[in-house]
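For reference, the structure is listed below as structure tokens.
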Amino acid sequence: MERKTGYVWHQQYAWHNTGTHAGFVESGGYIQPYQNFESPDTKTRFAGLVEVSGLIDHLVKLKAEHVSEADLARVHTDRHIQSIKAQSAEHGGDGGDGFTPFGRGGYEIATLAAGGTYEAARAVLDGEVDNAYALVRPPGHHAEPDMGRGYCIFANVPVAIERLRAEGKLGRVAIFDYDVHHGNGAQKIYWNDPNTLTISVHQDRLFPVDSGMADERGEGDGHGFNINVPLPAGSGDGAYFAVVDQVAAPAIRAFKPDVIFVSSGFDPSAADPLGRMSVTSDGFRGMAERLLALADELTGGKIVFSHEGGYSAVHTPFCGIAVLETLSGHKTEVEDPFDVSFGPSPTRELHPWQQDQISISAKFAEEIAELVEKVSA
Ligand SMILES: [Zn+2]
């Protein structure tokens with residue numbers, strides 16, 4: 001079935017400047033300048049394949065606009081916003097943790113990224129499109145209220161959600177984050193909120209190294225509405241499918257959101273230089289199929305993907321196109337050339353040591369229905 005899929009990409013996202021770091025290490029001394037793992041390449045090559053494959057003709061192009069300072073202030077502290085603004089007006093700087101470099105004008109690009117996620121979600125909620133993918137940069141899922149972290153300056157998804165809530169367009173929201181790193185930003189922002197279900201599957205203690213454990217479940221009325229699935233390194237398609245089937249789907253089904261947001265990072269890819277997972281493009285396709293079916297069942301098909309990480313410049317485009325093909329229902333002629341190597345790997349299967357961890361989080365998912373009743377009573 002072909003669907004109307006909204007698509008956001010802006011050339012200015014490629015101009016976000018992450019400096020001359022060697023990977024994530026600042027160059028200088030014995031460290032030769034190079035480029036950051038977070039460089040324009042992965043996203044421009046993904047956007048390029050969307051055009052060259054012809055998929056672009058089956059998508060609805062959406063135009064990103066900047067979010068305002070007031071939009072940011074629903075999620076971020078004034079201190080953080082002013083710090084980014086001031087550095088951006090001078091020579092650029094860092095989001096706050098030493099791992100979030102940006103160049104002059106970085107504030108404007110970051111507000112355009114949050115605006116891209118907002119526009120994708122707005123178009124879905126207003127019924128202009130069935131679902132949407134926001135290919136934005138910089139990413140957002142590590143950004144916390146008072147600081148940027150891990151390449152993320154502002155929390156794109158929460159900034160979009162809170163603006164839509166302020167506009168009266170949105171109530172209950174579920175966020176599913178499959179980026180290989182922990183979705184610490186949404187966890188922190190919605191820690192006490194029973195109206196926002198946050199679920200993150202990630203490589204155990206990869207980044208941030210001290211967060212993302214299964215026992216981090218939220219507090220107060222928000223207790224139980226944050227679910228982490230920290231998977232062991234090496235997990236592949238089978239483990240990720242099990243996470244959607246056994247944790248995300250039952251939790252989201254019991255939660256009954258108005259819309260599902262997906263923090264879409266392609267760094268669980270088998271080719272990623274920062275993650276140690278083994279997901280293939282068919283793995284991302286299979287997750288998207290499951291999430292779309294869930295949206296059909298619960299939200300009239302309303303689902304919004306916002307791009308996060310993914311640092312293999314050569315594999316990310318094929319993972320991304322697999323997701324966009326699924327959302328739009330239009331299959332291109334593109335075949336993933338990396339499947340020759342990743343396809344036959346035993347890492348694609350679900351292994352008992354991965355199931356053990358998934359079972360812990362699945363128990364928490366089972367409690368959601370009761371918690372929803374308790375909070376609304
Ligand atoms: Zn990541």
Side-chain angles (χ1 to χ4, degrees), residues 13 16 18 21 23-25 35-43 45-46 95-102 110 113-114 117 133-144 147-158 175-189 198-213 228-236 239-240 243 248 261-281 283-284 287-288 305-320 323:
Y13 295 151
H16 170 50
T18 49
H21 291 54
F24 52 71
V25 180
Q35 64 175 17
N36 210 307
F37 283 123
E38 208 296 303
S39 80
D41 291 351
T42 53
K43 284 93 184 173
R45 290 170 64 104
F46 177 11
D97 68 340
F99 291 101
T100 312
F102 62 89
T117 303
Y133 196 101
L135 177 50
V136 296
R137 180 170 180 265
H141 78 143
H142 292 310
E144 298 183 351
M147 70 185 291
R149 286 184 88 169
Y151 301 143
C152 304
I153 295 174
F154 298 126
N156 300 331
V157 170
I175 306 171
F176 179 63
D177 183 329
Y178 60 63
D179 185 284
V180 80
H181 304 101
H182 177 223
N184 61 293
Q187 168 173 306
K188 193 159 199 171
I189 290 159
T198 47
I199 305 171
S200 175
V201 52
H202 45 268
Q203 185 183 322
D204 188 19
R205 281 162 290 176
L206 181 61
F207 185 89
V209 291
D210 58 352
S211 77
M213 270 62 91
N228 286 323
V229 194
L231 289 176
S235 299
Y240 278 82
V243 168
F261 278 79
V262 180
S263 275
S264 174
F266 294 111
D267 39 15
S269 146
D272 198 87
L274 282 178
R276 293 292 173 268
M277 296 307 212
S278 296
V279 177
T280 70
S281 55
F284 291 107
M287 275 199 284
F305 284 61
S306 186
H307 197 93
E308 302 287 356
Y311 305 101
S312 168
V314 294
H315 195 217
T316 294
F318 297 98
C319 301
V323 169

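We count ligands from 1, going down the list as the structure has it; atoms in each ligand are counted the same way. Numbering of residues begins at 1 and proceeds along the displayed sequence. All heavy atoms count here, side chains included; hydrogens, waters and symmetry mates do not.
Between H142 and F207, the ring planes lie perpendicular to each other; the angle is over 60°, past the 30° to 60° tilted range.
The Zn ion (ligand 1) has no N, O or S atom of H141 closer than 2.8 Å.
Contact check for H182 versus P208: side-chain heavy atoms found under the 4.5 Å cut-off.
The six-membered or imidazole ring of H307 lies near that of F266, with a centre-to-centre distance under 6.0 Å.
Within H181, ND1 is the N, O or S atom that lies nearest to the Zn ion (ligand 1). Restricting D267 to its N, O or S atoms, the one at the least distance from the Zn ion (ligand 1) is OD2. With respect to the Zn ion (ligand 1), D179 has OD1 as its nearest N, O or S atom.
Here S306 contributes atom OG and N156 contributes atom CG; the two are 5.0 Å apart, rounded to the nearest 0.5 Å.
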